[in-house]
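Here the structure is laid out as structure tokens; the discussion comes afterwards.
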Amino acid sequence: MAVLPIRITGDPVLHTVSEPVTDFDDALRQLVADMFETMELAPGVGLAAPQVGVGKRVFVYNWVDDDERLWRGVAINPTLLITPTPTGEADDDDESEGCLSIPGERFGLRRAERAVLTALDLEGQIYEIDADGWLARIFQHEFDHLNGILYADRLDYASCKEVAKAIKKSKWGVPGNSWMPGVDDLDA
Ligand code: ZN
């Protein structure tokens with residue numbers, strides 16, 4: 001297993017629609033194992049393949065809910081059904097979202113309260129999770145990555161300007177930037 005560098009916003013792979021997985025082989029198992037290791041060290045509650053430079057429809061997640069239940073798995077070629085996104089202003093405390101590809105930043109963002117994830121596991125077996133709350137948010141965030149969308153692309157006008165400023169200040173927003181969990185301290 002290996003920890004992989006995490007691509008930072010501006011890298012084309014983060015802004016491109018990923019391709020479906022067709023081969024459930026050793027290369028895929030290796031990628032997923034490396035993604036789990038990278039996510040845990042970062043640390044993050046989710047990580048999508050484009051974030052480690054692989055344009056495939058794969059994400060991993062690892063999150064403990066308020067009832068101490070562990071949600072941990074891999075979603076391959078997922079689909080996601082969501083309830084309507086609430087309107088109005090996001091709560092900066094309860095709805096604050098971050099991304100390992102925009103390290104160190106967090107912004108309030110409204111997300112659908114419920115999401116039904118249907119995906120394949122590493123054996124190619126289909127499964128479904130009916131998620132709500134933060135797990136539904138994680139699924140929406142990671143699913144977006146597979147379509148080349150970052151949460152920064154969904155922010156309201158004021159936050160959008162702020163995140164653009166932060167990205168410019170860090171000299172991101174151009175191809176070729178990445179950071180290494182366990183090596184770089186970017187306070188993600
Ligand atoms: Zn992200």
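Just follow the structure's listing: the first ligand is 1, and inside any ligand the first atom is 1. Because only heavy atoms are used, hydrogens play no part in the values below, and waters and symmetry mates are left out as well, while side chains stay in. All values reported here derive from a predicted model rather than from experimental measurement.
Taking a 6.0 Å sphere around CZ of Arg114, one finds it holds 12 or fewer heavy atoms contributed by other residues, nucleotides or ligands.
Among protein atoms, those of element N, O or S found less than 2.8 Å away from the Zn ion (ligand 1) are Cys99 SG, His141 NE2, His145 NE2.
Contact annotation: the side chain of Glu40 never approaches that of Met35 to less than 4.5 Å [non-hydrogen atoms, C-beta and beyond].
The shortest non-hydrogen separation linking Val74 to Tyr61 is N-CE2, 4.0 Å.
Pairs of residues two or more places apart, or lying in two chains, that qualify as salt bridge (Lys or Arg N to Asp or Glu O under 4.0 Å) and include a residue from residues 16-35 are Asp26-Arg29.
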Inset, instruction - List the steps and the verdict of salt bridge (charged side-chain N to carboxylate O under 4.0 Å, His left out) for Arg111 and Asp144. - result: CA-CA 12 Å; Arg111 291 283 195 184; Asp144 268 356; 3.2 Å; yes

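With respect to the salt-bridge test (charged N to carboxylate O, under 4.0 angstrom), the residues Arg106 and Glu97 do not qualify.
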